[in-house]
Amino acid sequence: QVQLVESGGGLVQAGGSLRLSCAASGRTFSNYAMGWFRQAAGKEREFVAAVSRSGVTTYYGLSVKGRFTISRDNAKRTVYLQMNSLKPEDTANYYCVASSGAVSGNKRDYEYWGQGTQVTVSS
């Protein structure tokens, strides 16, 4: 009942920045904890960031903490991922996710997934 559409991916030089957006539809946005996962070629899906329904609580993966910031605008039904100081190892397909439960860093807790948006960081 929830559809998620990511946007904002692209090609950027190392040290640069990008902001990803995720637009949600089909349910009241504030009912869901939201997050981002990523998957690089040949690697498993990795937790990036998550935010609670209210936006007060956030989690970050160790590899991105201090560089990425997740936020949400419930009125616009949109989640954002601000990515700064990008590194080549950040290159991956980034997925927006939604959960009816509490904020979590576990992929099994998210029942809705977007189609992904590609981020490529060159050296």
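Expressed to the nearest 0.5 Å, how far CH2 of W113 lies from SG of C96 amounts to 10.0 Å. Atom CE of M34 and atom CZ of R72 lie 6.5 Å apart (nearest 0.5 Å). Note: K87 NZ to S123 OG = 14.0 Å, rounded to the nearest 0.5 Å. Taken to the nearest 0.5 Å, the OG atom of S122 stands 3.5 Å off from the CD atom of Q13. Taken to the nearest 0.5 Å, the CZ atom of R67 stands 10.0 Å off from the OG atom of S17. With values rounded to the nearest 0.5 angstrom, E111 atom CD is found 3.5 Å from S100 atom OG.
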Trace of the side-chain contact (heavy atoms from CB on, under 4.5 Å) decision for E6 with L20: CA-CA 7 Å; E6 303 95 333; L20 305 184; over 6 Å; no
Would S63 and E46 satisfy side-chain contact (heavy atoms from CB on, under 4.5 Å), going step by step from the backbone distance to the final call? CA-CA 10 Å; S63 63; E46 177 187 20; 3.0 Å; yes
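Note on Y95 and M83: separate hydrophobic clusters, where clusters join Ile, Leu, Val, Met, Phe, Trp and Tyr whose side-chain heavy atoms are under 4.5 Å apart, directly or indirectly. In the hydrophobic clustering of this structure, Y110 does not group with Y94; members are Ile, Leu, Val, Met, Phe, Trp, Tyr whose side-chain heavy atoms approach within less than 4.5 Å, directly or through other members.
Between L81 and V48 there is a side-chain heavy-atom pair separated by less than 4.5 Å. Proximity of D90 to V119: side-chain heavy atoms (C-beta onward) are nowhere separated by under 4.5 Å. Using a 4.5 Å heavy-atom threshold, the side chains of Y32 and V103 count as separate. Residues T57 and V51 have side chains not in contact (no heavy-atom distance under 4.5 Å, counting atoms from C-beta outward). The side-chain heavy atoms of Q118 and T91, taken from C-beta on, include a pair separated by under 4.5 Å. With a 4.5 Å cut-off on side-chain heavy atoms, V97 and Y112 do not count as touching.
Judged by distance alone, the side chain of N93 and the main-chain N or O of T117 form a donor-acceptor pair under 3.5 Å. Between the side chain of T28 and the backbone N or O of S30 there is no donor-acceptor pair closer than 3.5 Å. Between the side chain of S99 and the main chain of D109, a donor-acceptor pair closer than 3.5 Å is present. Looking only at distances, a side-chain donor or acceptor of R53 sits under 3.5 Å from a matching main-chain atom of G101. The backbone N or O of E44 sits nowhere less than 3.5 Å from a side-chain atom of Q39 that would complete a donor-acceptor pair.
Applying the 6.0 Å contact sphere to CD of Q3 captures no more than 12 heavy atoms from other residues, nucleotides or ligands. Around atom CD of E89, more than 12 heavy atoms belonging to other residues, nucleotides or ligands sit under 6.0 Å away. No more than 12 heavy-atom neighbours from other residues, nucleotides or ligands sit within 6.0 angstrom of OH on Y59.
Annotation: F47 is in aromatic contact with F37 [ring centroid separation under 6.0 Å].
With sequence neighbours left out, A102 forms a side-chain contact (heavy atoms from CB on, under 4.5 Å) with no residue at all. With sequence neighbours excluded, no residue forms a side-chain contact (heavy atoms from CB on, under 4.5 Å) with A23.
Figure legend: R19 and Y80 shown as a cation-pi pair, the cationic atom lying under 6.0 angstrom from the six-membered ring centre and within 45 degrees of its axis.
Heavy atoms only, all atoms of each residue included: S25 and R77 are closest at CA-NH1, 4.2 Å. Between F29 and A24 the shortest heavy-atom distance is CD1-CB, 3.6 Å.
Under 3.5 Å, the side chains of T78 and D73 contain no donor-acceptor pair of N or O atoms.
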